[in-house]
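Letters A, B, ... are given to chains in the order of the sequence lines, protein chains preceding strands, and every chain is numbered from 1. Since the structure is predicted, the reported quantities are computational estimates derived from the model, not experimental observations.
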Amino acid sequence: MNIDEKILRSFGSQTREYDAKEFIFREGDSPISYYQIVSGTVKINNYNEDGKEFIHNILSENQSFGDPMLFVQKTYPMNAIALTPCTIIRLPKSDFINMLNEYPKTSFEMNACLSHRLYYKLIMMQNMSSNNPQVRVTGLLDFFKSFHEDKSRFAFKVQLTRQQIADLIGLRVETVIRVLKRMEQNNIIKIENHKIFY
DNA sequence: ACATTAACTGTTA
DNA sequence: TAACAGTTAATGT
């Protein structure tokens with residue numbers, strides 16, 4: 001979701017800076033705001049019982065996060081953590097609701113955005129239930145490429161580390177490296193000085 | 001700090 | 001039992 005900053009400001013949004021590694025919200029917190037990234041990257045994650053991290057998503061500029069929680073009376077089931085120093089616009093929940101009421105266009109776009117996420121969540125779930133690691137990696141790359149304009153082959157430069165890819169699909173780095181190497185051999189991706197093109 | 005390789009272990013198709 | 005993901009550890013960029 002990307003809402004015009006002017007509109008957000010006119011409904012009372014505040015801009016705030018976050019340091020790298022700073023929590024923006026934690027599991028169990030009550031949702032109080034709409035969050036939209038102006039600059040920097042944010043990860044949405046969980047830690048399982050033995051402390052292993054699972055990353056749900058990694059977001060960058062012009063993307064929002066946590067917004068589904070503004071429509072249900074629940075606490076966050078995940079954390080949002082700044083990966084890099086970030087500038088983030090925050091719009092309080094009640095003001096966000098006002099905005100949706102007064103600008104039906106933003107409300108409609110919100111629907112489209114949530115639908116896109118729901119669609120890819122489903123696709124990712126199907127891919128994740130595969131024990132074939134290449135299916136999982138490819139599914140993840142498809143998801144991140146879906147935000148990219150140029151759909152042609154090798155046009156998308158993946159901005160994730162091998163470790164982040166592993167944490168996003170529940171595999172080990174070594175496995176991710178092995179799979180990526182095989183995918184390069186099969187001409188599915190291109191690797192240029194460690195950077196992945198899909 | 002991130003990526004790669006190698007050698008080994010355990011699981012499973 | 002051969003393949004292959006995870007583990008550990010060392011090494012490379």
Side-chain angles (χ1 to χ4, degrees), chain A residues 15-27 29 35-66 76-88 117 119-198:
Chain A
T15 300
R16 162 121 141 69
E17 312 283 330
Y18 291 88
D19 296 328
K21 301 187 183 168
E22 191 174 347
F23 279 73
I24 297 158
F25 57 69
R26 304 181 112 89
E27 194 173 344
D29 287 352
Y35 298 90
Q36 185 170 304
I37 303 171
V38 177
S39 67
T41 57
V42 172
K43 72 173 169 186
I44 306 300
N45 79 349
N46 268 133
Y47 298 97
N48 73 9
E49 46 290 347
D50 30 84
K52 191 188 170 193
E53 180 179 19
F54 183 83
I55 302 178
H56 291 273
N57 204 352
I58 293 183
L59 303 142
S60 48
E61 63 271 356
N62 298 328
Q63 290 188 296
S64 63
F65 54 91
Y76 288 117
M78 73 298 199
N79 309 294
I81 306 169
L83 283 174
T84 63
C86 287
T87 304
I88 293 175
R117 288 199 216 166
Y119 171 76
Y120 274 99
K121 264 278 173 283
L122 192 75
I123 300 288
M124 280 308 290
M125 276 183 71
Q126 289 167 357
N127 293 154
M128 293 282 288
S129 68
S130 165
N131 6 343
N132 180 347
Q134 185 169 326
V135 171
R136 299 206 213 177
V137 171
T138 309
L140 185 74
L141 295 181
D142 282 334
F143 169 64
F144 277 98
K145 190 167 177 170
S146 73
F147 298 98
H148 198 254
E149 267 314 312
D150 193 341
K151 304 293 180 198
S152 52
R153 220 148 75 103
F154 307 141
F156 175 59
K157 183 180 178 182
V158 180
Q159 301 282 15
L160 301 164
T161 66
R162 308 286 195 271
Q163 185 62 62
Q164 287 170 341
I165 293 174
D167 291 339
L168 278 155
I169 54 182
L171 295 174
R172 291 292 167 185
V173 235
E174 291 82 353
T175 305
V176 170
I177 288 165
R178 288 166 189 153
V179 168
L180 288 173
K181 221 192 268 176
R182 201 164 65 220
M183 287 171 72
E184 190 191 22
Q185 249 123 63
N186 300 340
N187 251 290
I188 301 166
I189 59 167
K190 207 165 57 172
I191 298 178
E192 268 165 30
N193 55 71
H194 302 175
K195 298 269 166 262
I196 303 159
F197 295 86
Y198 178 61

Annotated protein contacts, base or backbone, on nucleotides 6-13 of chain C with a non-hydrogen cut-off under 4.0 Å, one of B, S, - each
BBBB----
Can you pull every protein N or O that's under 3.5 Å from an N or O on nucleotides 10-13 of chain B?
none

Between P on B:dT5 and CG on A:Leu180, what's the gap in Å once rounded to a whole number?
12 Å
How are the rings of A:Phe25 and A:Phe65 set relative to one another: parallel (under 30°), tilted (30 to 60°) or perpendicular (over 60°)?
tilted
Here the residues of residues 158-169 of chain A within 4.0 Å heavy-atom distance, strictly under, of DNA chain B are A:Thr161, A:Arg162, A:Gln163
So with a 6.0 Å cut-off around CZ of A:Arg16, is the heavy-atom count from everything else above 12?
yes
Would you find a donor on one side and an acceptor on the other, under 3.5 Å apart, between the side chain of A:Asn186 and the backbone of A:Ile188?
no
Exam field: side chain A:Thr84 to backbone A:Thr41, donor-acceptor pair closer than 3.5 Å:
yes
Are any side-chain N or O atoms of A:Asn46 and backbone N or O atoms of A:Pro77, one a donor and one an acceptor, separated by less than 3.5 Å?
yes
Check whether any side-chain N or O of A:Lys181 sits under 4.0 Å from OP1 or OP2 of B:dT5, and answer yes or no.
yes
d(CD, A:Glu184; P, B:dT4) in whole Å
10 Å
Please say whether more than 12 non-hydrogen atoms of neighbouring residues, nucleotides or ligands are located less than 6.0 Å from NZ in A:Lys21.
no
Separation of B:dA3 P from A:Ile189 CD1 (nearest whole Å):
13 Å
Are A:Phe156 and A:Ile189 packed together at the side-chain level, in the sense that at least one heavy-atom pair is separated by less than 4.5 angstrom?
no
A:Tyr119 OH: over 12 foreign heavy atoms closer than 6.0 Å
no
Examine distances only and state if a side-chain atom of A:Asn127 and a backbone atom of A:Arg136 form a donor-acceptor pair shorter than 3.5 Å.
no
Rounded to the nearest Å, what distance is computed from the CG atom of residue A:Leu83 to the P atom of nucleotide B:dC2?
10 Å
Any donor-acceptor pair under 3.5 Å linking the side chain of A:Lys145 with the backbone of A:Tyr198?
yes
Test log, rule side-chain hydrogen bond (donor to acceptor under 3.5 Å, both in side chains), inputs A:Tyr120 and A:Asp142:
CA-CA 9 Å; A:Tyr120 274 99; A:Asp142 282 334; over 6 Å; no
